[in-house]
Colleague: 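Sharing a structure here in C-alpha cells format.
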Amino acid sequence: MHEMSLCESLMGVIEESAQREGFTKVTRVRVEVGRFAGVELPAMHFGFEVVARGTLAEGAVLDFDIVPGSAWCFDCGQTVELENRMDPCPVCAGVRLQPTGGTEIRLKDMEVI
Amino acid sequence: MCTTCGCSGDGATFEGGDHAHPHGAGHTHGHAHEHSHDHGHDHPHPHEGEGAHADLNYGSGPARAHAPGLSQARMVEIERNILSKNDAYAATNRARFAQDGSLALNMLAGPGAGKTTLLVETLKTLAGTIPCSVIEGDQQTSHDAERIRATGTPAIQINTGKGCHLDAHMVGHAVEHLGMHMGGILFIENVGNLVCPAAFDLGEKRRVTLLSVTEGEDKPLKYPDIFEKADMVLLTKTDLLPHLDVKVDVLEANIKRVAPQAQILHVSTRNGQGMPQWLDWLKGERRALLDALAAQAQARADMLRAAE
C-alpha cells in the first residue's frame, strides 16, 4: 500500500503548485503512470480520495495516462516494448529483461479554479 | 529547525543515537508551520554504547489547505515526478554518504527473511575492523535496534507507524542522529515488505535483497520490483534446504530473469555457508567506493594545483 504515500507526495506537489500558481481549488488531476511503475490504480484512487479530504483537491477527479513499458533485453541487446513485465522479449523470446521505461509516476496537469 | 531539510517534524520518533528529539506531529513539507523541536525533554543518556531513547514515528497525513476560490477553471501543466521530493532527499543523502566515504546499503526483504539475524552475524565478524552503523526500519518496536546494539554497533530505530517502507527523508534524519564514521558501512534495514520499499531510493550505493529459501521459488516472479534493482540477492536459511521441496536452480533462474545484473549468494547464519563470500563482497564494495572517492579527490587536488 505504498500508493498511500505516493498520494501524499502527489498532494505535496499539488499544494506547492497551488502556492506558486495561485489557485485555490483543483477539480481534475492527470497522472502519468508507467506500466511497470508498480502502482495499483484502484489503490491510488482510494488513497487520493483519503488524502485529498479537507484539502483544495477534495472531490477532484483523478485520471491516469498509462505509459507503455519498455525493457532492455540481455539476450539480444535491444530495447523492446513490453505489454507485461513478465513477457518474453518480442524479438528473441529471451526472458532476461530489465525495465527501462514505463516506470514513471508523474503529475502531468490539473484543472484548477 | 532540522538541518537536513528545514522540516518541522513528521510526527516522527527516533529511537537511539546520541541525541534524540521527537518531531512534532501533523506536518507536511512546504508549509510554514510553527516549529518546535523539543530538546529540553528528559531522556536517559547512553550507557555502555547504547543510544538514548526517542522513537521516530511517521505516518501523518498531508497538510490542510484552504479552498475558498470561485473563478474560471483553467489547466495547469505540472510535469513533475511524484517521487521528485523523495529523489531530492535521496540525492542529499548520497552526497553526504560520499562526503563521509560511507558505503550505504539498502537491505530489502519480506518480514522474516532473516535480515536482522544476518546483520547481527555480519556485525560481529566486522567488529573492530570496519566501523559500521545501522538504521532499522519497522512499523513498531525497537527490538531490532536493540539486537543490533547488543553487538556494540550504533543503531537507530525508525518506526514508520502505518508506513510500509522507509523513505529518503526519514533516512536523512536518522543519519543526522546516528553520526557516521569516515569509511564505514551503513546498513539500512528497510521495513519487511516485498512490495513497497522498492519504489523509494534512500540514497544508497547498493541494494541488497534477501529471500529465504522457505519462501518458495516463484517469489521473484510474483514480486519482481524488489529484485529488479538489486545489486546482490542473498538466498538465506540455506541450511534448511534438505528439509524443503524448493528447487534452488528454478529459484535462481527466476531471480536472474527479473534481475539479470544481480549477484546471487547462498547464505546461512546457522552453518556459516556463504558468509565469507558475503563479507568479501562488502569489503570489496567498500574498497571500490573509497578508491573511487580518493581518485576523485586526487583529480580535484591536481586540478587545483595546476591552477596555482
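So that the names make sense, note that chain A is the first sequence line, chain B the second, and so on, each numbered from 1. Heavy-atom basis, side chains included; hydrogens, waters and symmetry copies ignored.
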Colleague: Show the nearest heavy-atom pair for residues Arg74(B) and Phe23(A), with the distance to one decimal.
Modeller: NH2-CB, 3.7 Å
Colleague: Check this for me: Phe64(A), atom CZ, are more than 12 non-hydrogen atoms of other residues, nucleotides or ligands nearer than 6.0 Å?
Modeller: yes
Colleague: Can you give me the closest heavy-atom contact between Arg106(A) and Asn81(B), atom names plus distance?
Modeller: CG-CA, 3.9 Å
Colleague: Within this structure, what is the SG-CE distance for the pair Cys164(B) and Met4(A), rounded to the nearest 0.5 Å?
Modeller: 9.5 Å
Colleague: Relative to chain B, which segment of Val31(A) carries a heavy atom at a distance below 4.5 Å: side chain, backbone, both, or neither?
Modeller: side chain
Colleague: Nearest 0.5 Å, please: how far is CD1 in Ile82(B) from CG in Leu107(A)?
Modeller: 6.0 Å
Colleague: What closest approach, in Å, do Ala199(B) and His2(A) show between heavy atoms, and which atom pair accounts for it?
Modeller: CB-CD2, 4.1 Å
Colleague: Indicate yes or no: does Glu79(B) engage Lys108(A) in a salt bridge with an N to O separation below 4.0 Å.
Modeller: yes
Colleague: At what distance, to the nearest 0.5 angstrom, does OG of Ser17(A) lie from CD of Glu77(B)?
Modeller: 12.0 Å
Colleague: If you define the side chain from C-beta out and look only at heavy atoms, does anything of Glu228(B) sit under 4.5 Å from Phe36(A)?
Modeller: no
Colleague: Taking the side chain as every heavy atom from C-beta outward, state whether Leu83(B) and Leu6(A) have any atom pair closer than 4.5 Å.
Modeller: yes
Colleague: Are more than 12 heavy atoms from other residues, nucleotides or ligands located less than 6.0 Å from atom NZ of Lys219(B)?
Modeller: yes
Colleague: Minimum heavy-atom separation for Gln98(A) to Val258(B), with atom names?
Modeller: OE1-O, 4.1 Å
Colleague: Could you tell me which portion of Ser9(A) (side chain, backbone, both or neither) has an atom closer than 4.5 angstrom to a non-hydrogen atom of chain B?
Modeller: both
Colleague: Please classify the contact between Asp225(B) and chain A as side chain, backbone, both or neither, with a heavy-atom cut-off of under 4.5 Å.
Modeller: side chain
Colleague: Could you tell me if the side chain of Lys85(B) sits less than 4.5 Å from the side chain of Glu16(A), heavy atoms only?
Modeller: yes
Colleague: Any chance you could measure Ile78(B), atom CD1, to Glu21(A), atom CD, to the nearest 0.5 Å?
Modeller: 6.0 Å
Colleague: Which bit of Glu104(A) is near chain B, if near means a heavy-atom gap under 4.5 Å: side chain, backbone, both or neither?
Modeller: neither
Colleague: Can you confirm whether Glu111(A) is buried at CD, in the sense that more than 12 heavy atoms of other residues, nucleotides or ligands lie under 6.0 Å from that atom?
Modeller: yes
Colleague: Do Met86(A) and Arg257(B) have side-chain heavy atoms sitting under 4.5 Å apart?
Modeller: yes
Colleague: Against chain B, work out which of Thr27(A), Asp109(A), Val13(A) has the most heavy-atom pairs shorter than 4.5 Å and name it.
Modeller: Asp109(A)
Colleague: Other residues, nucleotides and ligands only: do more than 12 of their heavy atoms fall within 6.0 Å of CD on Glu252(B)?
Modeller: yes
